[in-house]
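Every chain is numbered from 1, with letters handed out A, B, ... down the list of sequences. No hydrogens, no waters, no symmetry mates; every other heavy atom, side chains included, goes into these values.
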Number of protein chains: 2
Amino acid sequence: MPPANTRQQIVNAANDLFYRQGFDHTSFADIAGAVQISRGNFYYHFKTKDEILDAVIETRLADTRAMIAAWAADSPDPAQRIRSYIRILITNWDKIRCFGCPVGTLTTELAKLDHGAGRAATEVFSEFRGWLAEQFRALGRTEDADELAMQVISFSQGVATLACAFDDEAFMRSEVERMSNWLDGIAAESTRT
Amino acid sequence: MPPANTRQQIVNAANDLFYRQGFDHTSFADIAGAVQISRGNFYYHFKTKDEILDAVIETRLADTRAMIAAWAADSPDPAQRIRSYIRILITNWDKIRCFGCPVGTLTTELAKLDHGAGRAATEVFSEFRGWLAEQFRALGRTEDADELAMQVISFSQGVATLACAFDDEAFMRSEVERMSNWLDGIAAESTRT
DNA sequence: GTCTATACACGGATAGAC
DNA sequence: GTCTATCCGTGTATAGAC
């Protein structure tokens, strides 16, 4: 088949490398090597490294929206939908154990670099946050929906960070289980009324 | 007064810069500038950048032990001791809001760099983990003391990551409050027997 | 112990041929 | 659109004077 759009190949490779090595530590040479393209070439597609970062974040934002849409299509049950989010820890464990959460690690790296794209990177969190809050609202938690959404994301960030540091799958699994039980409790409250 | 040991000054400056800018992104020039020393000079004290990192981690480990000892001296009450840990989020908020947790962000960075010192960095987590588990054991939770310790650390990591991304002090404070209430519940169980 | 000078590789970025 | 060649700053690290 004809190779996909070179620009998109660059973004895909950068997306992966920024996750695995960090943004700052990833060089043009790294990306060029992954795409099998000459270093000089992709200045045709992107003028600066920051432009690549912007494109990567845009891609991640789109991927996030697609993932959320898929979860929404999977089940109409709000609790089940929230569970889908929590279970990313299991689904992506192979990568998370090595590199942590792509969203959390990028935002903190950009914070340390004092990089302007930090706000854009945080948008990915906001996407999850808004959608999770919707689900909690559907469970009758109109007052604290946003707070609960933040708690769920915070939970997953903590587990990702610690489970990666200790490379501890058992801890990750027991925490997912615990969170799932907590969710059952909230869902039960909502059906009781 | 006579300037403190140059070696220690270097380590202190590196400690701070590694936290604020990240290890990889901090150059010798940055450290030299902070210590007001010539670049060439501190090769007398450290042969490589990795050696500075080792010294920084050693310092952090010592600082952690000192902090724990201070908390232990502050109160004999295990619940209060655990609360001291949780309240770091408030105490160090000025820095955490900008740079996250020093321990969590360093371990994840070193994981991405595939740096050998990652294991040493994780030791700082282990120090907290062991001590927190002791406190939960003192509260009668002999079975799941270590798991609870991990939950507390995981909690603080999640809050640090999210509160930093959104620069949201209110969220951090409400979460510290929630965790504190959870702790009260555990402490109450222990006195009931 | 501290400095200056310098070696040398790698980083991002540009020019211009094909 | 893709390549080669190249510029220039910065990064780690060394040599050697003081």
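The distance from atom CG of Asp24(B) to atom NZ of Lys49(B), rounded to the nearest 0.5 Å, is 5.5 Å. In this structure, CG on Leu139(A) lies 7.0 Å from CG on Asp77(A), to the nearest 0.5 angstrom.
Side-chain atoms of His45(A) lie closest to dT2(D) of the nucleotides dT2(D), dT4(C), dT4(D).
Below 30°, between 30° and 60°, or above 60°: for Tyr19(B) and Phe99(B) the angle between ring planes is above 60°, a perpendicular geometry.
We find that CD1 of Ile37(B) is positioned 7 Å from C1' of dT2(C), with the value rounded to whole Å. If you measure from atom CD of Glu51(A) to atom P of dG12(C), you get 14 Å, rounded to the nearest angstrom. What separates CZ of Phe42(B) from P of dT4(C) is a distance of 13 Å, to the nearest Å. When rounded to the nearest whole Å, the span between CD1 of Ile31(A) and P of dG11(C) equals 11 Å.
Checked against a 6.0 Å centroid threshold, the rings of Phe42(B) and Phe28(B) count as neighbours.
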Show each protein N/O and nucleotides 11-18 of chain D N/O combination with a separation under 3.5 Å, one pair to a line.
from, atom 1, to, atom 2, distance (Å)
dT12(D), OP1, Lys49(B), NZ, 3.2
dT12(D), OP2, Phe28(B), N, 2.8
dA13(D), OP2, Lys49(B), N, 3.2
dA13(D), N7, Tyr43(B), OH, 3.1

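Cation-pi geometry between Arg129(A) and Phe166(B) is met: under 6.0 angstrom from the ring centre, within 45 degrees of the axis.
At the phosphate of dT2(D), neither OP1 nor OP2 sits under 4.0 Å from any side-chain N or O atom of Tyr44(A).
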Please assess Asp30(A) against His25(A) for the test side-chain hydrogen bond (donor to acceptor under 3.5 Å, both in side chains), listing each intermediate value before the final yes or no.
CA-CA 9 Å; Asp30(A) 290 335; His25(A) 193 250; 5.8 Å; no
